[in-house]
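Sequence lines set the chain letters: A, B, ... in the order given, protein chains first and strands last, and positions in each chain run from 1.
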2 protein chains.
Amino acid sequence: MNQALAEATARPPKVSAASVARACGVSPATVSYVMNGKPGVSPETRRHVIRVANELGFRPNGHAGQQEPQLNRVIGLILPNIVNQMYTGWAENIITATARDGFEVFVATTQDNPDTLAQVASTLAARNVDGVIIAAALREDSRALRTLRQRRIPYICLSRRSDHLPGDFVGIDDDTAATQLMQHVLDHGYREIATVIGPRFSTASLAREQAFVRTAAAAETTIAGERKISTRLNRDGGRVAAEKLLATAKPPRAIVCGSDEIAIGVMEHALSLGLRIPEDLAVVGSDGLPHSRSALVGLTTIVQPVQEMAEKAFDLLLKQITKPSNTFTHSLCEHRLHIGRTCGCPPADTTRR
Amino acid sequence: MNQALAEATARPPKVSAASVARACGVSPATVSYVMNGKPGVSPETRRHVIRVANELGFRPNGHAGQQEPQLNRVIGLILPNIVNQMYTGWAENIITATARDGFEVFVATTQDNPDTLAQVASTLAARNVDGVIIAAALREDSRALRTLRQRRIPYICLSRRSDHLPGDFVGIDDDTAATQLMQHVLDHGYREIATVIGPRFSTASLAREQAFVRTAAAAETTIAGERKISTRLNRDGGRVAAEKLLATAKPPRAIVCGSDEIAIGVMEHALSLGLRIPEDLAVVGSDGLPHSRSALVGLTTIVQPVQEMAEKAFDLLLKQITKPSNTFTHSLCEHRLHIGRTCGCPPADTTRR
DNA sequence: GCGTCGCATTAAGCAACGTTAAGTAGATTT
DNA sequence: AAATCTACTTAACGTTGCTTAATGCGACGC
């Protein structure tokens, strides 16, 4: 007990800039200049100071000055779930990006439940995170964002945003992407088309559905109400939607999905009914997950630049953390249409990667 | 107060905030600030005070002390990566399980780099997490575990463990599972067999490979050295391995993989060569990811009970946190052999879910 | 029921530290 | 030799982080 206490009580000795200064025979000011990359120090002295500082294990993060006041170097990441590879892809890249700057990440999931979202935001706020990246924002319910705003915790919306509260946003141009995707399906000549999207409380899902319908309408193809399905954002959601769509007397010839996971669920069900893809039913998605693009699946889909989006999001967040501002940035990243074979294009088009 | 009385009534002597303050060389005020989450205390001191307070068993409310001794209610989760769905599956379930008890989760990834692992463990320790679940343990390098042990932070190894350091462990019986899987492949009559596993610094990968080889040998089938490949634990690793295996003069008739992601990579490459699965090449995996079991892929594989493992791991961790003990539990969960069609079994066997 | 004591909380004070503007010595240029 | 520039020091400042001291509150003795 006593020994344990002694061990626990032993605190690593702190190294001050002054001690570094003394150790290499310069003034504290010089050390300060070196550590902050300010001019006015000869390269020779600079090198020497850096070397000694490293040897002594000097951490400029001591305590004082305008050194980022009280940064915990922790950010929160709120995702709808961590099963959909779209989200884990972002998570992976965000974790990598943050690690570069010495940040840790709290990952929280909401299952798209508004109350969970609100509660998670409070919890994160209570934990004094330096900022939050939210990929689970809801159109109507901005409680979470409001909480963060009140506590002056910067946040970035990723992919989805709130209808009411302004703020920084990183995403793709859902409208254009969805338009291109639907246009490609129309170009195949399909006219009996159904759409299956994620929950309409997601701005991304809604924007895609609207673009799907508008583009189809422009080609004089009406998508009836019972052929516009909103479902859960996973394989199972797709399966349920496909059950409804394919059980009707006149099933659609093509199903345009607002998510790859949904598309895969749809295809699974179609296959279990003995339908061939794309001969009997064309299916396209929109996320560009690695495994749906693979040769095994060959899904035609919109590819989102996951890494770029993740890095951009953290970048913006870091900017808000270090230099809070009231001007909000909307950053739209370039998407890409990936042609697989599930839309009916010849397999030759299936490029690797 | 009356020490004799306290002892006589067998009640533990109550620990005052002042004594905690003395024990870690700060003022009572500082302890108070820490216990109430008030600002004005450096993170370093805060962690230190919390650690000492926990060790002394300090209850914040002298009389109405119903609360646990100030836990951070944060655990760390160390994964090799967050792309492989095996890991995200565990992560999802661990996050859910911990949320029920009001715990938050730090997710860190190592990319299976020993230095990153060691560093991540230090960082988590510095953040004073209450415990850590590690699914990225390395056989040889137990620096990370040692760090945690020194700081008296409980940890649970998930799926992989260290060769050197004992500790709680949750996993499946890799040996039995791998034996069953290989036996199933042998039962199909295949004799030209290759194995592709994850990195050998993972105990799980190594155990599987050894069981594969042993089982094959028992059926008088030798697996040559160039047919035992260890590769990265993702689709790309599988692809690379398949390139090597299938380019030889006498390619194998069946490839037994130590991971679903690898199996999928192998299959992708095989398909791109125009091979039919399972007619030309049988492939089996071992993780039981939802999407490899789906009708689209139909992989024959070992199914790990993800949720059960996650909950068990957190359960054990919580036990270690609340009541540290020196006896270690090895908890083996029941796996299941899922028969798909990639091994050559008739499609009829493909059961849903 | 009132006063006192023990203990936790909170406000005010103060020392330590890193930053930066101003100052200075020496070297180089003009 | 005066001027200028470089490389550093000195000194003042704003923060932070912790302590000392004052406050508040409930328990217990009288």
Is it the case that A/Thr329 and A/Ser331 place a side-chain donor and acceptor less than 3.5 Å from each other?
no
Closest non-hydrogen contact found for A/Ala23 with A/Val52 is CB-CG1, 3.8 Å
Strictly under 3.5 Å: I want the nitrogen or oxygen pairs between protein and nucleotides 21-25 of chain C, one per line.
residue : atom : partner : partner atom : Å
C/dA21  : N7   : A/Tyr33 : OH           : 3.3
C/dA21  : N6   : A/Tyr33 : OH           : 3.1

side-chain N/O A/Ser32 vs C/dT20 OP1/OP2, d < 4.0 Å:
no
Please find the pair of heavy atoms, one from A/Lys312 and one from A/Val170, that lie closest to each other, and give the distance.
CG-CG2, 4.0 Å
Residue A/Ala17, side-chain atoms from C-beta onward, closest of C/dG18, D/dT20, D/dC8
C/dG18
Looking at B/Thr45, does any N or O in its side chain come under 4.0 Å of the phosphate oxygens OP1/OP2 on D/dG17?
no
Nearest-0.5 Å distance, CG of residue B/Asp101 to CD1 of residue B/Ile75:
10.0 Å
Relative orientation of the end axes in the helix from C/dG1-D/dC30 to C/dT30-D/dA1, expressed as an angle to the nearest 10° (five pairs per end):
20°
Give A/Ser42 one of three labels, base, sugar-phosphate or nothing, depending on what nucleic acid heavy atoms sit under 4.0 Å from its own.
sugar-phosphate
Which heavy atom in A/Leu117 sits nearest to a heavy atom in A/Ala144, and how many Å separate them?
CG-CB, 3.7 Å
Measure the distance from NE2 on A/His48 to P on D/dC8 and round it to the nearest whole Å.
12 Å
What are the two closest non-hydrogen atoms of A/Val105 and B/Phe106, and how far apart are they?
O-CD2, 3.4 Å
Locate the shortest heavy-atom distance separating A/Ile172 from A/Leu332; write the atom from each residue and the value.
O-CD2, 3.7 Å
Residue pairs passing the salt bridge (charged side-chain N to carboxylate O under 4.0 Å, His left out) test where at least one lies in residues 107-118 of chain B, sequence neighbours excluded:
B/Asp112-B/Arg160, B/Asp115-B/Arg143
Does CD in A/Gln111 sit with more than 12 non-hydrogen atoms of other residues, nucleotides or ligands closer than 6.0 Å?
yes
Would you classify B/Val31 as touching base, sugar-phosphate or nothing, given that sugar-phosphate means primed atoms plus P, OP1 and OP2, and contacts are heavy atoms under 4.0 Å?
nothing
Separation of D/dT20 P from B/Arg22 CZ (nearest whole Å):
13 Å
Should A/Lys38 be listed as having a side-chain N or O under 4.0 Å from OP1 or OP2 of C/dT19?
no
